[in-house]
Amino acid sequence: MRIIVDADAMPSIPLIENIARRYGLPCILISDDTHELRSNYSEVVTVTKGFQSVDMYLVNMITPGDIVISQDYGVAVLGLAKQCYVIHPKGFCYTKEHIDSMLAGRHMASKMRKHGHHTKGPKRRTKEDEERLMNTLIKQIEQEMK
């Protein structure tokens, strides 16, 4: 079991790394070359910037049982298909049961934007989001270690 993070615009890296370290799990941070990531614990992988380059690299390297942290719905779908546990940075779990409705909502918002309608962006992350992420990650690790 590894923790693999879609690290582009991921503010919770220190939190994730502390949990990975506590449980002795490998942690891999993947970002494109427009971000400068450094870590004393995690393996940092930098890919050339390009459309979906981080996402495709991540999806190609994951294996069943990995924990993936990403806000990208496409990564979530592919991670679930590869039997990974996928967590959003706000701490909720992507599941096969609700990913279809999430994708449908994203599609509708995209269609609205193409027709000139303005949609709200995501809400700012809160302290509660951080706590939820930490609790969800710990719960999944401990469940898998049983």
- Parallel, tilted or perpendicular: ring planes of Tyr94 versus Tyr73, cut at 30 and 60 degrees: perpendicular
- Message: For the CE atom of Met61 and the CE atom of Met56, what is their distance to the nearest 0.5 Å?
- Response: 13.5 Å
- Item | Partner set under side chain to side chain contact (heavy atoms under 4.5 Å, CB included) for Arg22, not counting sequence neighbours | Ile19, Ile138
- Item | From Met134 atom CE to Lys139 atom NZ, the distance as rounded to the nearest 0.5 Å | 14.0 Å
- Task: Start with the C-alpha gap between Ile69 and Ile16, add the side-chain angles, then the distance that decides, and say whether side-chain contact (heavy atoms from CB on, under 4.5 Å) holds.
- Result: CA-CA 9 Å; Ile69 302 174; Ile16 296 165; 3.6 Å; yes
- Item | Polar side chain donor-acceptor pair, Asp72 to Ser70, under 3.5 angstrom | no
- Item | Any Gln83 side-chain heavy atom under 4.5 Å of Thr63 side chain | no
- Query: Is the closest side-chain heavy-atom distance between Lys90 and Glu128 below 4.5 Å?
  - Reply: no
- Heavy atoms only: give me the nearest Val59-Lys82 pair and the separation to one decimal. O-NZ, 2.7 Å
- Item | Nearest-0.5 Å distance, OG of residue Ser39 to CG of residue Leu29 | 5.5 Å
- Start with the C-alpha distance between Val54 and Val75, add both sets of side-chain angles, then the distance that settles side-chain contact (heavy atoms from CB on, under 4.5 Å), and finish with yes or no. CA-CA 10 Å; Val54 169; Val75 169; over 6 Å; no
- Message: Could you check whether Lys49 pairs with Asp33 (Lys NZ or Arg NE/NH1/NH2 to Asp/Glu carboxylate O, under 4.0 Å)?
- Response: no
- Message: Measuring from atom CZ of Arg21 to atom SG of Cys27, what distance do you get when rounded to the nearest 0.5 angstrom?
- Response: 9.5 Å
- Is Ser53 reaching over with its side chain to a backbone N or O of Thr48, donor-acceptor style, under 3.5 angstrom? yes
- Item | For Glu144, all residues meeting side-chain hydrogen bond (donor to acceptor under 3.5 Å, both in side chains), sequence neighbours excluded | Gln140
- Message: Please report the interatomic distance CD1(Ile67) to CD1(Ile4), rounded to the nearest 0.5 Å.
- Response: 10.0 Å
- Backbone N/O of Leu37 and side chain of His35: donor-acceptor pair under 3.5 Å: no
- CD1/Ile13 to CZ/Arg38 distance, rounded to the nearest 0.5 angstrom? 13.0 Å
- Message: Here's a test for you: under side chain to side chain contact (heavy atoms under 4.5 Å, CB included), which of Thr136, Leu80, Asp66, Val68 qualifies with Tyr85?
- Response: Thr136
- Message: Are there over 12 heavy-atom neighbours, none belonging to Glu36, within less than 6.0 Å of that residue's CD?
- Response: no
- Could you walk me through whether Glu142 and Tyr23 pass the side-chain contact (heavy atoms from CB on, under 4.5 Å) check? CA-CA 9 Å; Glu142 290 181 350; Tyr23 289 93; 2.4 Å; yes
- Do the non-hydrogen side-chain atoms of Val77 and Val86 ever get within less than 4.5 Å of each other? no
- If we only count heavy atoms from C-beta on, is the Asp55 to Asp6 side-chain gap below 4.5 Å? yes
- Query: Of all heavy-atom pairs between Gly24 and Tyr41, which one has the smallest distance, and what is that distance?
  - Reply: C-OH, 3.9 Å
- Message: Under 3.5 Å, is there a donor on one side chain and an acceptor on the other for Arg132 and Asn135?
- Response: no
- Would you sort out whether Ile87 and Leu133 count as a side-chain contact (heavy atoms from CB on, under 4.5 Å), showing the intermediate values? CA-CA 8 Å; Ile87 304 171; Leu133 173 60; 3.7 Å; yes
- Item | Under 3.5 Å donor-acceptor, Ser12 side chain and Leu15 backbone | no
